Every structure is written in C-alpha cells, then in structure tokens.
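First the structure, in the form of structure tokens, and then the observations on it.
All values reported here derive from a predicted model rather than from experimental measurement. Starting from 1, each residue takes its place in the sequence as its number.
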Amino acid sequence: MATIDADAHVIESDRTWSYLSADERRFAPLVLKQIAGEGRVDSGPRAASAFWYSGGLIQPADDNADTAGMSTEARELADVGARLKHMDELNIDVQVLYPTIFLQPTARDAAQERAQFHSYNRWLADIWKFAGD
C-alpha cells in the first residue's frame with residue numbers, strides 16, 4: 001500500500017516568482033532578513049530570521065516546515081531528485097504539496113493575489129514535469 005504525505009510543504013523561493021509576467025513583477029514578495037537580535041519570540045517553535053513582505057503584510061518565511069534532514073534544494077524543489085530521495089528515506093510514495101507562503105494572506109487586492117497564485121501554480125507545474133512517474 002502506498003504511503004501518502006497529505007500535508008507536505010514546498011518552500012517558495014525567488015524562482016517561484018520568476019513566472020510573473022513583466023507587468024506583474026511588482027507583485028513578487030520580497031524577502032526581509034533579520035541582521036541583528038535573536039529572532040521572533042512568539043507562538044512558533046522556531047525563531048524566524050527571514051520574512052516575506054507582500055501586499056504590505058509581513059510573515060515568517062519557512063516557518064511551517066520541519067526541515068530536519070532536508071537540504072534547501074529539496075525544500076525549495078530546486079533539486080527534485082533530492083526531494084524524491086528524501087521521500088524514499090521516509091518511505092513516502094506521494095506528497096500532496098501545499099504552499100507555505102499562502103498559509104497567511106499575501107495580498108490585499110485581487111490582481112496581486114491572482115498574479116502570485118498564477119506564478120506559484122506555473123512554478124509547481126514545471127517542477128512536476130521533472131518528477132517522472
């Protein structure tokens with residue numbers, strides 16, 4: 001029987017937003033890096049030092065993922081083979097991927113939201129092609 005991970009996350013990167021058209025580039029979320037201090041001290045178990053800034057909203061980047069044992073390339077699906085290898089190590093046959101950035105609102109207007117969702121979906125569709133069967 002196949003093992004399905006029904007709550008796997010992919011961590012968005014600059015590549016995610018490379019699918020925005022030229023006139024939509026202004027909608028790409030920015031990454032803010034904390035350069036001093038100890039990070040966020042709220043409800044999450046991990047302190048964040050990188051944040052997405054989008055639509056006037058700020059949220060921790062990479063806050064919802066258990067990243068133990070997984071390379072950045074595997075988390076961001078820059079290396080699909082590495083992601084598949086990690087899945088094999090965990091005896092997972094299929095992952096249902098969820099966006100991490102969209103766990104919270106990233107836009108206050110429909111045009112920005114549509115552009116971001118469209119770019120995200122095109123990014124994952126291209127990644128899916130590399131997975132084979």
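- Residues L124 and W128 have side chains not in contact (no heavy-atom distance under 4.5 Å, counting atoms from C-beta outward).
- With contacts defined as side-chain heavy-atom distances shorter than 4.5 Å, the pair D5/V96 does not qualify.
- F51 and L30 fall within a single hydrophobic cluster, where Ile, Leu, Val, Met, Phe, Trp and Tyr side chains are chained together by heavy-atom contacts under 4.5 Å.
- Under a hydrophobic clustering in which Ile, Leu, Val, Met, Phe, Trp and Tyr are joined whenever their side-chain heavy atoms come within less than 4.5 Å, directly or via other members, L20 and V31 fall into the same cluster.
- In this structure, D93 contributes its side chain and T3 its backbone to a donor-acceptor pair below 3.5 Å.
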Could you pull out all donor-acceptor pairs under 3.5 Å where a side-chain atom in residues 53-61 meets a protein atom, sequence neighbours excluded?
unit_1: S54; atom_1: OG; unit_2: T106; atom_2: O; d: 2.5
unit_1: S54; atom_1: OG; unit_2: Q112; atom_2: NE2; d: 3.2
unit_1: S54; atom_1: OG; unit_2: Q116; atom_2: NE2; d: 2.8
unit_1: Q59; atom_1: NE2; unit_2: I101; atom_2: O; d: 2.9

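- With hydrophobic clusters built from ILVMFWY side chains whose heavy atoms lie under 4.5 angstrom apart, L32 does not share a cluster with F27.
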Does the pair W123 and V10 meet the rule for a side-chain contact (heavy atoms from CB on, under 4.5 Å), with working shown?
CA-CA 11 Å; W123 171 62; V10 61; 3.4 Å; yes

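- Contact annotation: the side chain of K85 never approaches that of L90 to less than 4.5 Å [non-hydrogen atoms, C-beta and beyond].
- A donor-acceptor contact shorter than 3.5 Å links the side chain of R25 to the backbone of W17.
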Show the numbers, then the answer: is there a salt bridge (Lys or Arg N to Asp or Glu O under 4.0 Å) between D126 and K129?
CA-CA 5 Å; D126 275 354; K129 294 174 190 175; 3.3 Å; yes

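- Listed here is the closest heavy atom pair of T100 and E12: N-OE2, 2.8 Å.
- Between the T16 side chain and the Y120 main chain, no donor and acceptor come within less than 3.5 Å of each other.
- In the hydrophobic clustering of this structure, Y98 does not group with L77; members are Ile, Leu, Val, Met, Phe, Trp, Tyr whose side-chain heavy atoms approach within less than 4.5 Å, directly or through other members.
- Here the side chains of D109 and E113 are not in contact, with every heavy-atom distance at 4.5 Å or above.
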Let me see the working for M87 and Q95 under side-chain contact (heavy atoms from CB on, under 4.5 Å), right down to the final yes or no.
CA-CA 8 Å; M87 289 170 59; Q95 285 186 330; 3.5 Å; yes

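- By the side-chain hydrogen bond (donor to acceptor under 3.5 Å, both in side chains) test, R114 pairs with E24, sequence neighbours left out.
- Residues S21 and D23 share a closest heavy-atom pair of OG-OD1, 2.5 Å.
- Between the side chain of E73 and the main chain of A82, no donor-acceptor pair closer than 3.5 Å is present.
- A distance of 10.5 Å separates CG in D7 from CG in L97, rounded to the nearest 0.5 Å.
- Pairing each heavy atom of H9 with each of R83, the nearest pair is O-NH2, 2.8 Å.
- Defined by atom type and a distance below 3.5 Å, a donor-acceptor pair is missing between the side-chain atoms of N121 and Y19.
- For the residue pair R122/S119, the side-chain donor-acceptor check at 3.5 Å is not satisfied.
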May I have the step-by-step check of side-chain hydrogen bond (donor to acceptor under 3.5 Å, both in side chains) for S18 and R15, ending in yes or no?
CA-CA 5 Å; S18 69; R15 208 174 84 176; 6.0 Å; no

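- Considering CZ of R75 and CE of M70, their distance stands at 8.0 Å, rounded to 0.5 Å.
- Note on W52 and F117: same hydrophobic cluster, where clusters join Ile, Leu, Val, Met, Phe, Trp and Tyr whose side-chain heavy atoms are under 4.5 Å apart, directly or indirectly.
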